[in-house]
Amino acid sequence: MAGLTIERVTKRFGEQCAVDALSLDVAPGEFVALLGPSGCGKTTMLRMLAGFEPLSEGEIRLGDRTLASRGRHVPPERRNMAMVFQSYALWPHMSVADNVGYPLKLRRLEGDTYRRRVAQALALVDLATYAERSPQELSGGQRQRVALARCLATDPEVVLLDEPLANLDRHLRAAMEQSFREFHRRTRATMIYVTHDQSEAMSLADRIAVMRGGRLEQWATPEALYRRPRSAWVASFIGQGSLLEVAAGRPGLRLEEAALMRGLTAIAAERTQPVLVRPEHVTVLAESASQRSLRARVESATFRGERYELHLRLESGETLLAYHHSALAEGQGVALLLHEGWCLEPDA
Amino acid sequence: MAGLTIERVTKRFGEQCAVDALSLDVAPGEFVALLGPSGCGKTTMLRMLAGFEPLSEGEIRLGDRTLASRGRHVPPERRNMAMVFQSYALWPHMSVADNVGYPLKLRRLEGDTYRRRVAQALALVDLATYAERSPQELSGGQRQRVALARCLATDPEVVLLDEPLANLDRHLRAAMEQSFREFHRRTRATMIYVTHDQSEAMSLADRIAVMRGGRLEQWATPEALYRRPRSAWVASFIGQGSLLEVAAGRPGLRLEEAALMRGLTAIAAERTQPVLVRPEHVTVLAESASQRSLRARVESATFRGERYELHLRLESGETLLAYHHSALAEGQGVALLLHEGWCLEPDA
Amino acid sequence: NEKLVLYTSQPNSDAQQTVDAFRAAHPDVEVEWVRDGTTQLMTRLRSELSAGVSNPDVLLIADSMTMESLKREGHLQAYLSPEREAYAAELYDPEGYYYGTKLITTGIVYNTGAERQPHSWQELIQPEYAGQVTMPSPLYSGAALIHMAAIEAHPGLGEGYYEALQANRTEAQGGNGGVFNAVAAGSKPYGIVVDFLPIREAAKGSPVAFVFPEEGVSAVTEPVAIMQGARNLEAAQKFVDFVLSREGQELVSEQGYLPAHPEVTPPEGFPARDEIALMPLDTQSALAREAELKQRFGDLFGG
Amino acid sequence: MAPGLTEGSQQRWLLTLLMVAIVALSLVPSLRLLFEALGDLAQGGEAPLWRVLQAESTWRALWRSLHTSGLGMLIALALGSLFAFVITLTDIRGKAWLVFCFMLPMMIPPQVTALSWLQLFGPASPLLKSIGMAPPLGSPQPLYSAEGIALLLGIQSAPLVFLALRTSLLSLPRELVEAARISGARQAQVWGQIILPVSRGGLIAGGAMAFISSLGNFGIPAMLGIPAGYYVLPTLIYQRMASFGTGVLAEMASLSLLIGVLALAGVALQQAWMKRSRFGLVGHSGRAHDFLLGRWRGGVTALLVTVLLAILVAPLAALVVSSLVPAMGVPLTWETATLNAYHEVVGRQGATWRAVRNSLWLAGGAAVVLMLCSLPLAYRLQRLPQRWQSLALSAIELPYALPGVVLAVACILLFVRPIPVVNVALYGTLGLIFVAYLARFLVVCLKPVAAGLAQLDPSLEEAAQLAGAGPWRRLGGIVLPLVAPALFAGGLLVFLLAVNELTVSALLWSAGNETLGVLIFNLDEGGESVLAAAVSVLVVMMVATLMLALSLLAPRLPKGVVPWQG
Ligand SMILES: Nc1ncnc2c1ncn2[C@@H]1O[C@H](COP(=O)(O)OP(=O)(O)OP(=O)(O)O)[C@@H](O)[C@H]1O
Ligand SMILES: Nc1ncnc2c1ncn2[C@@H]1O[C@H](COP(=O)(O)OP(=O)(O)OP(=O)(O)O)[C@@H](O)[C@H]1O
Ligand SMILES: [Mg+2]
Ligand SMILES: [Mg+2]
């Protein structure tokens with residue numbers, strides 16, 4: 001397997017810059033997630049990797065083979081990649097089985113091997129009984145699974161996945177995630193995975209590239225991203241959390257409970273360092289708690305199954321997100337304990 | 001506003017029964033979510049409500065107006081509904097603004113009011129600057145938002161939403177959820193919301209219909225569904241959780257910590273009552289914990305951002321899901337405390 | 001090898017009969033023939049000539065005006081056929097470039113259901129015939145052009161005749177076939193048309209009758225001629241002799257045309273040869289006036 | 001390195017091949033004419049081109065050509081889209097038969113249609129006579145007018161619109177319609193505001209073909225225009241042909257240049273329109289219809305049947321009647337009815353059967369060959385830069401726009417000598433007609449395919465590409481099945497147009513190589529209209545049989561390929 005090198009790749013549509021001087025170095029066999037808000041250029045990047053869009057600038061290399069650059073463009077069919085399209089792109093004139101088997105046929109697989117591989121791939125996505133249907137007779141999620149099966153049936157060097165699980169329920173997603181992991185373990189293919197679901201990205205990817213408006217914001221392991229986001233924007237994009245201003249620490253520093261609580265109670269003028277506080281690091285206490293605690297008022301409480309999400313407003317006017325096991329009334333006063341916080345670069 | 005009555009509605013495609021004798025009574029202005037695994041018939045149900053598919057059997061009424069029954073079929077354009085399609089269904093020959101404005105034009109809105117409403121709807125989905133684009137020049141998430149804006153621009157009696165947020169990142173989702181709430185508050189329209197995302201369903205819906213293979217599994221408020229699922233299948237579908245067998249309680253009963261822990265340590269033959277234990281009700285302790293605790297071994301730990309998800313195996317061989325703030329090594333032994341459990345009907 | 005290439009505008013079956021009869025007389029000559037409407041055939045010939053190829057050996061087509069113009073351009077070669085002695089001098093070119101083979105006259109046809117039975121050209125411009133007459137256009141049909149030239153040259157009808165036709169709302173069709181169809185189908189009761197169509201069809205039962213008007217008829221002669229570059233000159237001359245021979249002329253009569261040979265009996269439905277008055281026509285001057293005639297017609301009837 | 005290069009050269013090879021094909025087929029005849037038209041320019045003010053350009057009649061004819069073709073196109077659009085919409089998108093009954101009957105009028109020679117209408121509404125009309133409404137003998141005939149010409153041109157080219165539009169509608173994702181309906185759009189609004197604009201590609205393609213084919217049509221304006229003194233460019237050209245002078249060819253060529261320019265303007269306009277309607281449609285509807293006609297069904301059916309009565313049954317009946325009488329003008333009664341004409345044409349020197357065989361070979365061969373090259377050509381064209389694409393499309397459009405005779409002249413000029421290098425003599429063989437047909441009808445086959453391709457969701461092909469399918473593989477495995485309805489529609493149109501073709505073969509045939517069109521025309525011209533009618537009836541019957549036989553193949557062909565199969 002060879003690594004992917006993306007070097008200052010830029011893609012312009014008219015005057016709009018969909019991808020802007022993006023550089024990434026993906027190790028061979030690495031599982032990479034592209035994460036970012038809607039319209040930030042994830043699909044465009046994927047399409048350039050696949051070879052469907054010419055680059056405006058920059059270079060893409062697979063190992064030491066240049067796939068695309070100013071003067072060169074290896075056509076998609078010679079890149080040995082596989083892709084799941086955001087719109088599925090199932091062939092309406094073929095049955096489900098034929099859709100899945102087409103890439104195998106192209107690799108000259110026939111007879112029993114062919115049938116076995118198709119059956120395996122369909123079983124993987126739990127659609128074995130739908131083999132003879134036509135794609136028009138499937139539900140949205142079933143179509144997406146066919147697209148997945150088609151992608152996973154072969155042994156490509158690079159697998160590109162564009163929101164492959166967006167239309168699946170959580171259980172199926174979990175099962176599919178598992179399939180991805182197994183597929184990855186088996187083939188050691190380099191995987192580039194576009195998703196808007198952070199928890200998916202976190203649990204699958206070796207490294208995550210966070211994009212914003214066509215640019216790379218941060219390129220790090222999931223844990224680093226969660227625990228040590230570079231900027232306020234990344235912090236607010238990844239995971240839940242609140243940004244507060246404290247009078248302590250400096251960018252890239254972790255604040256422990258004591259320092260944090262102290263820094264928060266300082267006067268407004270001194271509180272200039274943005275700090276990220278994750279809701280799981282907030283304990284909501286009864287109003288009459290110890291002196292050291294912060295006071296806040298409940299703005300709203302949203303039921304999230306296992307727990308309630310509380311939107312709190314501090315006395316300083318800042319908002320804070322916290323979890324609680326039971327619903328609290330709107331307007332109720334609470335006391336808080338903040339266990340830790342992460343100091344950020346001020347947002348550009 | 002009028003309520004929707006769905007009475008023993010059945011839809012067959014060939015020999016397959018996509019929706020099977022489904023009955024629901026939706027109160028006027030209620031916000032209902034349809035939840036269920038991929039291919040369970042949610043989209044089909046929605047399409048029947050909209051009038052795109054004739055029913056095989058049963059009846060649909062809006063207030064006391066029969067929309068569809070054996071002899072009757074009110075065409076979609078006379079149902080005063082709005083819908084977001086799973087495949088967006090944007091009109092490729094119209095600009096984004098025209099797509100959003102089309103339903104308004106049909107309602108004879110013109111001039112300033114028209115422009116204002118379109119601008120509002122686009123601002124709502126954060127696409128104001130994209131008004132003049134054509135849908136082909138949008139990213140997947142942007143298309144979905146246009147579809148949303150189109151749906152929310154008018155004042156329909158019933159709004160049908162088919163996975164309207166599937167392709168959006170979490171922040172946008174949260175913002176959109178908020179828009180839905182506001183829209184709902186403003187118009188008091190009856191909303192039917194198909195989603196595979198439980199937390200979305202939970203936080204938005206007044207009541208949730210859980211479907212499985214075309215049938216209604218449970219029809220209850222989010223909290224009831226989470227806390228008091230009817231069957232093992234619903235329990236496992238909604239939220240995270242593990243099914244254990246205990247020697248205590250009976251279906252529909254909540255077991256407190258003491259009873260639960262006692263029931264779990266009984267001999268295998270006596271443990272016949274299935275009980276649901278949510279991961280948030282499991283505390284993972286150091287191995288050397290008190291006598292009363294259960295022992296287990298870590299099978300895997302998955303990073304989920306704020307915390308780790310632990311898959312544990314009990315000594316009885318059963319598996320249990322739990323959360324923990326830090327990673328534990330595979331194979332490590334732990335002690336557990338289970339705070340509560342919910343007794344289920346045995347699965348059919 | 002004895003292969004003769006013939007371009008002819010005779011109808012299919014007539015052409016076949018002519019070729020068959022010729023082959024019966026000269027079994028050693030192979031004939032390859034192309035049949036088409038005069039206009040098409042001439043266009044084809046022009047294209048071939050323009051590309052520098054002269055395909056046919058013999059032409060059996062159209063009218064003397066066409067032949068005259070081909071002769072002037074040097075595409076024909078002279079041959080003094082021994083058979084010419086029997087023919088009237090105005091029917092062939094004195095230098096032997098082309099010979100008329102039959103007389104296709106233009107007269108009046110009427111639907112037998114019509115109110116009147118016209119007998120003269122003059123009648124057609126009377127008010128009773130307003131909007132009732134149809135005719136072929138000289139812009140399309142050679143016979144119609146010659147007819148126009150002949151009428152214009154006729155002292156009794158003269159230059160004003162076509163203006164009068166126009167004033168009488170006479171309609172122009174593309175060709176003679178169209179005129180005949182219109183009259184036979186009854187959409188126009190009267191028409192100006194070549195003789196053989198109505199005579200032959202009337203015999204089959206078509207409700208039409210043909211009249212040789214008092215002032216006389218115009219005629220085209222379907223001349224035969226040998227091309228300048230003919231590859232098979234000997235056979236070509238044999239062919240010319242054959243169509244001019246008595247045997248050849250009998251065949252013309254059998255096919256339902258007025259033979260050019262004065263001694264061959266005309267076919268049934270035709271009056272005796274000497275009862276038909278021909279309006280005289282000077283090919284040379286007609287050719288000179290061609291453009292002017294067409295222009296006049298075009299101005300009068302559109303185009 | 002190597003793979004990239006191979007890929008490039010393969011594509012280039014494809015491109016070159018196709019370009020050669022286009023040039024050879026389309027451009028060369030047109031260029032040869034241009035050469036002819038400009039050849040005599042040295043004569044200065046007397047050069048044919050100047051003469052033609054200065055003549056008032058030229059400009060009048062040009063305007064009238066535009067007028068009748070434009071109007072004819074509108075009528076074709078109205079008729080063709082009526083049928084396409086109703087049959088493709090609603091639950092009307094008897095679709096198969098409606099489509100079948102709608103395709104057949106293309107098979108009736110336009111002259112015959114014109115004549116039968118003239119008879120039907122003329123003084124001798126058996127129909128009007130029997131109800132006592134027949135106009136008096138010699139009363140003016142309304143069909144002898146620009147509108148009359150346009151009407152028949154429209155009827156003649158309506159199937160072109162129908163087929164082009166139908167393929168476009170077949171790929172209309174149903175969600176687009178549903179989204180409009182749930183928004184509250186009434187059926188009429190859905191048609192006008194969603195379906196029509198989205199299927200604009202097919203509509204424009206069909207309209208363009210209707211326009212171009214009307215522009216080059218000779219039979220109808222000759223039949224209806226000349227009596228009214230109404231000349232269009234093709235009739236003007238024919239009139240020039242009837243002159244004898246040396247400049248004839250140059251004048252014809254000059255006039256054809258004008259038609260060429262008109263056609264090119266049409267192409268440019270069409271491209272400008274198409275540019276805004278080029279969107280891949282995501283999703284592929286496998287569904288037959290979306291609209292329930294409900295209580296309108298009876299009315300709509302009646303409307304369609306009435307149209308069919310006018311455009312098919314009336315002329316066909318007239319044709320049958322005129323083939324059963326002993327001579328033109330004899331009223332058909334039990335006593336007069338006779339099958340003599342059929343005996344005659346069937347027994348006649350084998351000419352009829354020879355013509356049938358020739359025409360079937362020519363039409364079938366042209367249809368197959370054009371179908372084979374249309375797909376790669378359209379595919380390649382779509383990927384060409386816009387400017388080149390327009391040029392290539394224009395080149396292809398020309399031979400169809402030129403009047404048949406003019407194209408034939410160009411072919412004679414080109415092929416009367418053996419083709420240089422290969423030393424093959426095409427002149428005087430069926431091969432020449434075949435080549436001329438290929439040039440002429442390429443656009444008919446290409447247009448629907450190009451429209452279908454433009455509508456295709458590009459990701460479908462991209463998915464195959466990434467799976468490792470090379471260009472040819474994708475073309476065969478993915479693109480072909482998806483545009484198969486368009487491709488077959490094109491092939492069918494070529495067949496229907498070619499089997500009766502007259503104006504091209506009229507100049508190019510030779511003994512033994514006659515075509516059906518020529519046979520019928522010659523019979524007609526020789527005054528044997530009855531025989532001509534009999535042959536026409538036989539041809540219609542034969543083609544109808546062939547079309548029905550195609551239905552038997554339908555189950556083995558991709559869905560939607562045989563238009564009259566649901
Ligand atoms: N046109 C059709 N013909 C045959 N079967 C169909 C058709 N449409 C849907 N089905 C089947 O009906 C079942 C229900 O489909 P539906 O689209 O309602 O599922 P869904 O609940 O919306 O699933 P998803 O979450 O995957 O979108 C599926 O098993 C599907 O395969
Ligand atoms: N063909 C195009 N023409 C013009 N702009 C385009 C085109 N395709 C994409 N864009 C724009 O480029 C930007 C990036 O699009 P892209 O599809 O890569 O986003 P994305 O990250 O995949 O978003 P999503 O999560 O919503 O799918 C968007 O703002 C989009 O509007
Ligand atoms: Mg995307
Ligand atoms: Mg669905």
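We name chains A, B, ... by the order of the sequence lines, and we start the count at 1 in each one.
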(request) Quick one: which of D:S322, D:A327, D:A410 has the most heavy-atom pairs under 4.5 Å with chain C, could you say? (result) D:A327
(message) Ignoring hydrogens and geometry beyond distance, is a side-chain donor-acceptor pair present between C:Y7 and C:E48 at under 3.5 Å?
(response) yes
(request) For chain C, find which of D:V325, D:I412, D:T336, D:L507 contributes the most heavy-atom pairs closer than 4.5 angstrom. (result) D:L507
(request) Flag the one option from C:A182, C:S9, C:A202, C:S50 with the top tally of heavy-atom pairs under 4.5 Å to chain D. (result) C:S50
(message) Under 4.5 Å from any heavy atom of chain D, what part of C:N176 do you find: side chain, backbone, both or neither?
(response) neither
(message) Between the side chains of C:K102 and C:E222, is the shortest nitrogen-to-carboxylate-oxygen separation below 4.0 Å, so that they form an ion pair?
(response) yes
(message) Counting heavy-atom pairs closer than 4.5 Å to chain D, which one of C:G175, C:G177, C:S141, C:A184 comes out on top?
(response) C:A184
(message) I want to check something: taking the side chain as every heavy atom from C-beta on, are D:S65 and D:P234 in contact at a cut-off of under 4.5 Å?
(response) yes
(message) Does any backbone or side-chain atom of D:L414 lie under 4.5 Å from a heavy atom of chain C? Answer side chain, backbone, both or neither.
(response) neither
(request) Check each atom of C:E201 against the heavy atoms of chain D and say whether the ones under 4.5 Å are side chain, backbone, both or neither. (result) both
(message) Between D:V405 and chain C, with a heavy-atom cut-off of 4.5 Å, which part of the residue counts as in contact: side chain, backbone, both or neither?
(response) neither
(request) Kindly assign one of parallel, tilted or perpendicular to the pair C:Y140 and D:Y231, based on the angle between their ring planes and the thresholds 30° and 60°. (result) parallel
(request) Could I get the full list of side chain to side chain donor-acceptor pair (under 3.5 Å) partners for C:R72, not counting sequence neighbours? (result) C:Q284
(request) Name all pairs fulfilling the salt bridge (Lys or Arg N to Asp or Glu O under 4.0 Å) condition that reach into residues 220-231 of chain D, sequence neighbours left out, sorted by first residue then second. (result) none
(message) Just checking C:E292: does its CD atom have more than 12 heavy atoms from other residues, nucleotides or ligands closer to it than 6.0 angstrom?
(response) yes
(request) For each of C:A172, C:A51, C:P138, tally heavy-atom pairs with chain D at distances under 4.5 Å, and name the one with the top tally. (result) C:A172
